[in-house]
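First the structure, in the form of structure tokens, and then the observations on it.
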Amino acid sequence: MTRPIVLRGGRVIDPSRDFDQTADVLIQDGRIAAVGVGLGAPDEAEVRDVRGGVVAPGLVDIHVHLREPGNEDVETIASGTRAAAAGGFTAVCAMPNTDPVTDNQAAVGFIVRQATLAGLTRVYPIGAISVGQKGEQLSEFGEMVGAGAVAVSDDGKPVVSSHLMRTALEYARTFDIPVADHCEEPTLASGGVMHEGLVAARLGLKGIPAAAEEIMVERDILLAQLTGAHVHLCHVSTRGSVDLIRRAKEQGIRVTAEVTPHHLALTDGACEGYDTHAKMNPPLREAADVAALRAALKEGVIDCVASDHAPHAYDAKEAAFDDAPFGIIGLETAFAVAYTELVESGLFTLPELIARMSTAPAKLLALAGGTLGPAAPADVVVLDVTARWKVDPTLFFSKSRNTPFAGRTLAGRAALTVVGGKVVHEAKARGAPAPAPSP
Amino acid sequence: MKSAVLGKDLLGLERLSPDQIRLVLDTAEPFKEVSERPIKKVPALRGKTIVNLFFEASTRTRISFEFAEKRLSADTVNVAATGSSVQKGETLVDTAKNLEAMRIDMVVIRHPSSGVAEFLGNRIRSNVINAGDGQHEHPTQGLLDLLTIRDKHGRIEGLKVCLVGDVLHSRVARSNIWGLLKLGAEVGVCGPDTLMPRGIEELGVCRFRRIEEAVEWADVLNVLRLQLERMEKGFIPSLREYYRVFGVTVERLERAPRRLTIMHPGPMNRGVEIDSRVADGSHSVILDQVTNGVAVRMAVLYLLAGGRPELAAAAKRASPPGPLSTSWRGGTTGAPE
């Protein structure tokens, strides 16, 4: 068993209990043993002075692409979870668009095993909705849940058939898991590479209209209403989607939604100069969309932040805008981008942000973490919100570098990440990597 | 090599100033005469190597560039995507690096993807000239259109120029819009909404949905080519109906309140976007556009190579004697001016 840890003198924020005060946190046997002022330390305990830091439940990212199996050149479960730990994440959900697709219990079990071997951030696999993500035949939800899957999704691709989406929602109810959808009406989005608007018109790039997302958001809401099942909408990007989700929630329909840090921070203007690091799907939208997404996240219309961490080879992005793949990495910048854009701007309080990056996503998928409550698993992050740092992708733990935030100065970073009572990341001065933990 | 007046690359008219555009047009004037001589050659780019890198089929633009280069005495190589290393899977970056390694002076690039000229320009030291990138810009076409309008009307400022047809997929349209707006023309666009980019009005252009309204409004119609595959992809129901609704016909022009100038960047689909009688008629300046294309491209090549605009008239001298020769030669070897 690892030694007990006392985190002494930090600002402890636990949104799950509306707790926000200076206190000590005692971690013992992999669990939160106590939170209080002036806690005594057990003899063998490692006492860490975290005064000036923020102690919070570890961040939870319910949408990442770890690329293993199939594309280990750009990320592995080990490198991806190392990046997650550096970003303050104690749990991530791995999307199933691997090669081969994570659409059966053996594939789910492989991810669980690789994550255990890596021994860093917890990894919860998300299984594919359809066999091979082909949108035809349902995958074996029951067996995948048995092997550790926490949701199903064909992310990267929309579920085109409304009938398949309906049956997926209905079938998922047996296992009490949400069906997560990448909302994109394919005939409207076809060939599009960025948001349809003035910037696309000027650059001569094919646009993806907001309606391509909103049509599917509304369809999924209607199907959730029809089936009574839980639909989760991935990476919502438009103000129209926000309105639809708000209305659905008001009607008591079981819909949840996530938003990425980049959709909260950037507009389609980032595509100027044909910067392929601003190419993602859904695309970056307009300023009014960004404002609506921020407000919706604060209100809880959008439940949580998720990075949609999508590693790609550096030379794949070194291409014509039309030819570059969609997606950017986000695990190591997610908190800082959100903190800089939302908290430093005065829009969010820090506890509100932590709720949206830890408590809410953990609750959404019923994962461990998201709380510092008594006997909760000791998934804890110490955040240094005074740190200002310049994003240098060459220092990333991720195997990929595809970020639009390179060179940006951001505020806030994880100083210490603890999973199950074990330190999995510790920020060193000058960004040196922490020693690799033993598996 | 960065030129004093145009910078390193010519990527589009959006980023040129009105003065830079006027300067190219003025510089083209003396070069027009070179093509009228029995010996169509001046030494302005002697010793320069230029690659014409065409990733997309083109006859007119490639030939026009090639004549411009040859009439300026540059050494040129044509690379077409078919049969080249590109087809064997070479990436754009590798292509760029290989060109750089061969120490060429300029690249003229045509590519089906928007932004590729800029991509290349950011990665090699040679001057890059955009000969059409996807649906983005075709700046030399825009310039030659401006020159043709100026020749015909004696001015650009205050004229009403309407682009007719498939603006959505047209790089020619974008270059025309920027160039015309910068030189003070009023710009209209006319066509079905299926062929218009969303947000186009925000660029400061008038929107016409009926060709009759455009004909009534405009001094100049620049009729865009309708790619035949647009029908297959469902942007219009049929070529027949397109011609009925949007075709620039003699009957429509006869109802115009003033005599219109008709332009077309080519290649034309006769009987689709334009009536043959219009294309071949007295309104048409379509072949003047082609002639001006060579002069404009000579001007662009000359200026990017460091040539001084006020010396263009001297540079065209076949055997340059006297004090001016050092100046232009100094310019073309890229010495800072």
Side-chain angles (χ1 to χ4, degrees), chain A residues 185-214 238 240 267-279 283-289 312-326 401-402 406, chain B residues 11-15 55-56 86 89-97 109 111-123 130 132-139 166-175 177-178 181 189 195-205 207 229 233-235:
Chain A
E185 205 290 307
T187 64
L188 269 181
S190 172
V193 294
M194 68 173 291
H195 172 63
E196 181 176 297
L198 183 59
V199 180
R202 278 185 35 245
L203 294 178
L205 292 172
K206 180 142 171 29
I208 301 173
E213 174 174 307
E214 291 152 10
T238 77
T267 65
D268 57 350
C271 300
E272 291 284 357
Y274 301 93
D275 184 353
T276 57
H277 287 137
K279 181 177 175 181
L284 298 171
R285 304 286 184 180
E286 297 169 11
D289 297 299
H312 289 292
Y314 75 94
D315 53 358
K317 282 284 194 180
E318 184 78 354
F321 201 91
D322 282 341
D323 299 333
F326 291 105
R401 307 275 176 265
N402 50 309
Chain B
L11 304 176
L13 299 191
E14 182 180 359
R15 57 182 84 188
F55 290 86
E56 202 179 64
V86 174
E90 183 172 274
T91 67
L92 207 50
V93 183
D94 287 337
T95 305
K97 285 178 178 164
I109 183 167
H111 197 282
S113 293
S114 301
V116 166
E118 180 168 352
F119 179 93
L120 189 67
N122 289 339
R123 281 161 184 80
N130 183 4
D133 62 328
Q135 300 162 8
H136 175 227
E137 283 220 45
H138 190 352
D166 184 3
V167 174
L168 177 63
H169 299 97
S170 175
R171 49 196 173 215
V172 175
R174 286 171 181 73
S175 288
I177 289 170
W178 293 119
L181 289 175
V189 291
L195 297 176
M196 288 292 152
R198 286 220 321 161
I200 185 82
E201 294 91 343
E202 292 172 61
L203 298 182
V205 303
R207 179 75 179 85
E229 71 257 26
K233 297 210 172 140
F235 290 95

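Hydrogens, waters and symmetry mates play no part in the numbers below; they use all other heavy atoms, side chains included. To find a chain, count down the sequence lines: A is the first, B the second, and so on, and within it residues start at 1.
- The candidate from A:Ala200, A:Gly273, A:Gly207, A:Gly197 with the greatest count of non-hydrogen atom pairs under 4.5 Å with chain B is A:Gly273.
- Considering only heavy-atom pairs separated by less than 4.5 Å from chain A, the leading option among B:Glu14, B:Arg171, B:His169 is B:Glu14.
- Distance check: B:Arg174 CZ to A:Leu203 CG gives 9.0 Å after rounding to the nearest 0.5 Å.
- B:Asp133 is listed as a side-chain neighbour of A:Tyr274, based on a closest heavy-atom distance under 4.5 Å.
- With a 4.5 angstrom heavy-atom cutoff, A:Asp323 touches chain B only via side-chain atoms.
- Chosen from B:Ala173, B:Pro112, B:Ser114, B:Gly199, the residue pairing most often with chain A at heavy-atom distances under 4.5 Å is B:Ser114.
- Inter-residue side-chain proximity for A:Phe321 and B:Ser113 is flagged as unmet; no heavy-atom pair is nearer than 4.5 Å.
- Contact between B:His136 and A:Arg202 at its shortest, heavy atoms only, is CD2-O, 3.4 Å.
- Taking every heavy atom of both residues into account, A:Ala320 and B:Leu92 meet most closely at N-CD2, 4.1 Å.
- With values rounded to the nearest 0.5 angstrom, B:Leu168 atom CG is found 7.5 Å from A:Lys206 atom NZ.
- Put simply, of B:Asn122, B:Ile200, B:Val93, B:Leu120, the one with the most heavy-atom pairs under 4.5 Å next to chain A is B:Val93.
- Between chain A and the residues B:Gly115, B:Gly134, B:Gly12, the largest count of heavy-atom pairs under 4.5 Å involves B:Gly115.
- Taking NE2 of B:His111 as the start and CG of A:Asp322 as the end, the distance is 9.0 Å to the nearest 0.5 Å.
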